[in-house]
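Report on the following structure.
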Amino acid sequence: MRIVDVNEFYSPTGGGVRTYVDRKMAVMAEMGHELIVIAPGRRDWVDDRPGGRIIYVKAPGMPFDANYGLFWDSAPVHALLDALAPDVVEASSPWRPAWIVGKWHGAAPRVFFMHNDNVAAYPMRWFERFASPERIERSFAWYSRYMSRFLAHYDAVLTNGPALQKRLNARGVRVDAAMPLGIERAHFSPDLRDAGLRAELLADCGLGPDAHLLLGIGRHHPEKRWPLVIEAVKRASRSRPIGLTLIGDGYERRRIERLIADAPYIRLQKPVYDRARLAAIMASSDALIHASEAEPFGLVASEAMASGLPLIVPDTGGCAEVADRHCAELYRARDAASAAEAIGRLFDRDAALLRRAAIVAAARVRTDVEHVRDLMAYYEALVARGQRVAA
C-alpha cells in the first residue's frame with residue numbers, strides 16, 4: 001500500500017513526531033508498504049528515504065517555533081495527492097490541514113489520526129486554578145463541535161491509544177478505533193541494569209547505594225508538571241533517602257533549577273541522545289515518575305517498562321493506560337501529596353517481588369512493529385470496503 005501523510009507537525013529538526021514517522025516509514029518498508037510524507041518547509045524539496053520520502057512544500061513558518069511550518073494553500077497539497085495516487089491519505093493537524101485533506105476529491109480513503117488532546121494539554125492546565133475540570137470541559141465544548149465538523153469529511157478517525165479515545169468519546173467526538181503506538185523494544189531490556197551506574201547516579205545526588213533512585217524523563221514544559229514531581233519527591237524524602245535524576249531540557253529549566261536549589265538529592269541532566277546510554281540509565285533506576293495526565297499515549301512509560309522499571313504515574317492519561325498494576329503505583333492527577341504517597345507505597349513493597357513483576361511486564365510491552373501491522377490491516381480493510389464519505 002501507498003500511504004500519504006499530510007503532516008504539519010513533521011520537521012527535520014522536530015522531536016517526537018519526526019521520530020515516530022521515520023520509524024513508521026522504516027517498519028512499513030519492511031512490510032512491503034510505502035509511506036510518503038507531505039510536510040511544510042522553507043522551500044520545495046524532496047528527501048528520498050528507503051521505503052518512502054518526505055516532500056516539503058514551501059509554506060509560512062510557525063510564529064512561535066521556527067522548527068515548524070504552517071500549511072495554508074490547499075492547491076499544492078491537492079496537486080501532490082492527485083499525482084501520488086495514494087491508497088490511503090492521513091492527516092493529524094486539527095487546523096488548516098484537516099480541511100485541506102478532508103476536502104480533497106481523490107478516490108483514496110481519508111483518515112484522521114489523533115495524536116494529542118489539545119483541551120487536556122492547554123485549557124485544562126491554564127484554568128485549573130479557577131475552575132473544575134468539568135467546567136473547563138463544558139467551556140471548551142466548542143472545540144469538540146469544531147472537530148466534528150471536519151471529521152465528517154473523513155472515512156475513519158483513529159487515536160494513538162485508548163486514553164485519547166475515551167476522552168474524545170466522552171466529549172461526543174467520533175472515534176472509529178484506537179491504534180495504540182509501540183516502541184522499539186529491542187533497545188530496552190532489564191538485563192541492562194548496572195549496579196555501578198546506579199551507584200554513580202545516586203552519588204551525583206549525594207546519596208549512597210542504599211537509597212532509592214527515581215528517574216524522570218521529558219522536556220521542561222508546563223505540560224509535563226515537573227514542579228509536582230519535585231514537590232512529591234521532597235515530601236517522600238522526609239521519611240527515606242530518595243534521589244531523583246531529571247533528564248531533559250526546555251524553557252522551564254530556570255524555574256526547575258530554582259525549585260531544586262534546596263534539594264541536592266534532585267539532579268538535572270541534559271537530554272541523553274545515546275539510546276544505549278539512556279536504556280542503561282532506565283534499567284539501572286528503581287522507578288520512573290511521571291506527572292503529565294495529558295499524555296495521550298505513554299511512550300516514555302512504555303520504554304521504562306521495557307527496561308524493567310516500575311512506574312509512578314497519574315491515574316488518568318496514556319501512562320495510566322499502559323501501566324502494569326503489578327509493578328506500578330497510580331496517584332490522583334495534579335496532586336503532589338498523592339504522588340508522594342504513591343512513591344512511599346512503591347518503595348514499601350517487597351523489592352524482589354516488585355523486580356520480578358517488572359521483568360514479566362517488560363516482555364509484554366507493545367512494539368512499534370505491532371502498531372504498524374495493526375494499522376496496515378485496518379487500512380487494507382478500509383480500502384476493501386470501498387465506501388467513501390463526501391469531500
Side-chain angles (χ1 to χ4, degrees), residues 7-11 14-18 20 40 61-71 91-99 112-151 157-175 181 216 218-229 248-256 290-301 313-321 332-336:
N7 198 320
E8 194 171 54
F9 302 129
Y10 188 92
S11 165
V17 172
R18 177 181 57 83
Y20 165 71
M62 186 177 288
F64 304 109
D65 193 335
N67 290 307
Y68 299 95
L70 296 169
F71 280 126
S92 55
S93 169
W95 309 116
R96 180 65 178 150
W99 296 99
F112 197 87
F113 201 118
M114 301 274 192
H115 282 283
N116 62 340
D117 181 356
N118 286 330
V119 173
Y122 301 106
M124 283 290 188
R125 180 167 47 81
W126 293 338
F127 302 114
E128 64 184 356
R129 294 184 181 181
F130 311 105
S132 68
E134 294 77 17
R135 185 175 179 184
I136 297 169
E137 284 276 2
R138 289 195 300 271
S139 298
F140 284 84
W142 62 266
Y143 181 69
S144 296
R145 293 192 295 270
Y146 162 77
M147 286 199 297
S148 294
R149 288 199 296 274
F150 70 71
L151 292 177
V157 181
L158 308 179
T159 66
N160 62 6
L164 187 51
Q165 181 180 25
K166 291 173 184 176
R167 287 178 180 173
L168 293 173
N169 284 161
R171 296 170 189 157
V173 177
R174 164 194 166 205
V175 176
L181 304 185
R219 58 199 170 98
H220 297 168
H221 185 279
E223 180 185 331
K224 300 300 181 182
R225 297 188 183 275
W226 292 121
L228 185 152
V229 169
D249 206 350
Y251 73 84
E252 273 212 324
R253 185 178 181 87
R254 293 286 180 86
R255 181 189 179 196
I256 292 172
H290 201 72
S292 175
E293 81 289 354
E295 296 283 347
F297 183 82
L299 279 174
V300 70
V313 296
D315 57 3
T316 61
C319 293
E321 292 288 345
R332 288 188 302 277
R334 302 178 292 276
D335 189 330

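For the pair Pro296/Met114, no side-chain contact is recorded, criterion being any heavy-atom separation below 4.5 Å from C-beta on.
In terms of modelled atom types and a separation under 3.5 Å, the side chain of Arg174 and the main chain of Leu151 share a donor-acceptor contact. Formation of a donor-acceptor pair under 3.5 Å by the Trp226 side chain with backbone atoms of Arg219 is found in this model. Side chain of Glu137 to main chain of Arg171: no donor-acceptor pair is present (N/O by atom type, distance under 3.5 Å, no hydrogens or angles). With hydrogens and angles disregarded, a donor-acceptor distance shorter than 3.5 Å links the side chain of Ser292 to the backbone of Glu223.
Residues Trp99 and Phe112 keep their aromatic ring centres 6.0 Å or farther apart. Ring to ring, His115 and Phe9 are not that close: their centroids are 6.0 angstrom or more apart.
A tilted orientation is assigned to the rings of Tyr143 and Trp95, their planes being inclined by 30° to 60°.
Taking each heavy atom of Val173 and Ser144 in turn, the nearest pair found is CG2-CB, 3.7 Å. Heavy-atom minimum distance, Leu70 versus Pro40: N-CB, 4.0 Å. Listed here is the closest heavy atom pair of Glu321 and Ala163: CG-CB, 3.5 Å. The nearest pair of heavy atoms linking Asp315 to Arg332 is OD2-CA, 3.6 Å. The two residues Val229 and His290 have their closest heavy-atom pair at CG2-C, 4.4 Å. Contact record, Gly69 with Glu8: O-CG, 3.4 Å, taken as the closest heavy-atom pair.
For the atom pair Met124 CE and Asp117 CG, the distance stands at 8.0 Å (nearest 0.5 Å). Note that CD of Gln165 is 9.5 Å distant from CG of Leu158, once rounded to the nearest 0.5 Å. Remark: Tyr20 OH to Tyr10 OH distance equals 13.0 Å, nearest 0.5 Å. Rounded to the nearest 0.5 Å, atoms CZ (Arg18) and OH (Tyr68) are 8.5 Å apart. With rounding to the nearest 0.5 angstrom, the CZ atom of Arg135 is 11.0 Å from the CZ atom of Phe127. The distance from the CG atom of Asp249 to the NE2 atom of His221 is 13.5 Å, given to the nearest 0.5 Å.
Checked against side chain to side chain donor-acceptor pair (under 3.5 Å), Asn116 has the following partners two or more places apart in sequence or in another chain: Asn118. In terms of the side chain to side chain donor-acceptor pair (under 3.5 Å) criterion, Tyr122 has no residue partners (sequence neighbours excluded). Applying the salt bridge (Lys or Arg N to Asp or Glu O under 4.0 Å) criterion to Glu293, with sequence neighbours excluded, gives Arg225, Arg334.
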Report task. Show your reasoning for whether side-chain contact (heavy atoms from CB on, under 4.5 Å) applies to Glu295 and Val300. Result -> CA-CA 10 Å; Glu295 296 283 347; Val300 70; 5.9 Å; no

Requested in this report: Would you please test Phe297 and Leu164 for side-chain contact (heavy atoms from CB on, under 4.5 Å) and show each step?
Outcome: CA-CA 8 Å; Phe297 183 82; Leu164 187 51; over 6 Å; no

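Salt-bridge check for Glu252 with Lys224: failed, with every basic side-chain N at 4.0 Å or more from each acidic carboxylate O.
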